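Please read all numbers here as calculations on a predicted model, not as lab measurements.
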Amino acid sequence: MASPSTQADYAAFEEKVKRTVYLDNLSPHITEPVVRYALNQFGNVKSVHFIPNYIEPRNIPQCALVEMEDLMQAEAVVSMTSHHYFMVSGMPRPVRARPAEVNMFDDRPKMPGRTIQCQWLDENDPDFKVAQKIKDLTKLNAAQSAFLLKQQLQEEESLAKYQQDILNANYKKHEVIDNIMVDGTARRLADQYNLRCD
């Protein structure tokens, strides 16, 4: 049976999980201060922990566990990102958020009363085939994830180029309007057509 202090530690950890949000699809260049600044509009950010990705070393989206001050603030973040696009740092990828889960924390305390046993399986063991299937599924999942990630990065590059083209076009329009106002063309046209040009 677990000691009272172990149970209390685990209960405190479960409360922490409830007020923590899992952020996904963050830019690889985003830092902790940027995440804090973006989410402070929903309440007080207590901590930000980026989850390292050991599988894909490429320039891929990051994930983070963000602990808010209370459950209501965490729910506000999840609700907003599920109903609206939430862009952080002007990146072309909208950030996704969902409630954190116990298994997402690498520093989680041991669950009271739970034991885990690991052992090597012999080829004649009836569970060996099951373990082999799980291993094959894991490889397949990794290959599919790599393919989807490549597609996602291509889409984001395309979206970033599209956004930059629109930004450049709008800048040129404003530049033309400013030039017309500065060189007096707008005033002359307004006088010719009896229009006000303020």
- Message: Between Asn141 and Leu137 (side chain of the first, backbone of the second, donor and acceptor by atom type, cut-off under 3.5 Å), is there such a pair?
- Response: no
To the nearest 0.5 Å, atom CG of Asp127 lies from atom CD of Gln132 at 13.0 Å
Discussion item. Using side-chain heavy atoms (C-beta onward) and a distance below 4.5 Å, is Arg19 in contact with Glu67?
Written reply: yes
Linking I/L/V/M/F/W/Y whenever their side-chain heavy atoms sit closer than 4.5 Å, directly or via other members, would Val34 and Phe42 fall into one cluster? yes
When rounded to the nearest 0.5 Å, the distance separating CD of Glu155 from CG of Leu148 is 9.5 Å
All heavy atoms of Ala100 vs all of Val17, minimum pair found to be O-CG1, 3.6 Å
For Lys16 and Asp107 the tightest heavy-atom approach is NZ-OD2, 4.1 Å
- Tell me whether Val182 is reachable from Ile180 by hopping between hydrophobic residues (I, L, V, M, F, W, Y) whose side-chain heavy atoms are closer than 4.5 Å. no
Practice task
Please check if the side chain of Ser82 supplies one atom and the backbone of Val78 the other of a donor-acceptor pair under 3.5 Å.
Solution key: yes
I'd like to check Lys172 versus Val176 (side-chain heavy atoms, cut-off strictly below 4.5 Å). Are they in contact? no
Separation between CZ (Phe128) and CG (Asp122), nearest 0.5 Å, reads 8.0 Å
Worksheet entry | Sub-4.5 Å side-chain heavy-atom contact between Val21 and Leu65 | no
Between Phe50 and Thr31, the two heavy atoms sitting closest are CZ-C, 3.8 Å
| query | CD of Gln151: more than 12 outside heavy atoms within 6.0 angstrom? | reply | yes
If we ignore hydrogens and angles and just use 3.5 Å, is the side chain of Thr138 paired with the main-chain N or O of Ile134 as donor and acceptor?
yes
Practice prompt. Starting from the C-alpha separation in whole Å, work towards a yes-or-no answer on side-chain contact (heavy atoms from CB on, under 4.5 Å) for Tyr10 and Met111.
Written response: CA-CA 7 Å; Tyr10 197 78; Met111 182 186 291; 3.3 Å; yes
Leu39 and Met68 have their tightest heavy-atom pair at O-CE, 3.8 Å
Query - Donor-acceptor pair, side chain of Asn179 and main chain of Glu175, under 3.5 angstrom - result: yes
Query raised in the report: So if you build clusters from Ile, Leu, Val, Met, Phe, Trp, Tyr with side-chain heavy-atom gaps below 4.5 Å, do Val77 and Val48 land together?
Result: yes
Between the OG1 atom in Thr20 and the CZ atom in Phe13, the distance rounded to the nearest 0.5 Å is 8.0 Å
Closer than 3.5 angstrom, by distance alone: can the side chain of Arg36 be matched with the main-chain N or O of Val45 as a donor-acceptor pair?
yes
Taking every heavy atom of Asn103 against every heavy atom of Arg108, the minimum-distance pair comes out as O-NH1, 3.3 Å
dist Cys63:SG -> Met104:CE (nearest 0.5 Å) comes out at 8.5 Å
- Answer whether the closest heavy-atom distance between the side chains of Leu23 and Gln62 falls below 4.5 Å. no
Q.
Has His84 got a side-chain atom pairing as donor or acceptor with Met80's backbone, closer than 3.5 angstrom?
A. no
dist Leu26:CG -> Asp24:CG (nearest 0.5 Å) comes out at 7.5 Å
What one should report as the nearest heavy-atom pair of Glu69 and Lys46 is CA-CD, 3.8 Å
- prompt: CD of Glu123: more than 12 outside heavy atoms within 6.0 angstrom?
  reply: no
One pair to check against salt bridge (Lys or Arg N to Asp or Glu O under 4.0 Å): Lys161 and Asp165. What are the steps and the verdict?
CA-CA 6 Å; Lys161 183 181 180 306; Asp165 291 345; 3.2 Å; yes
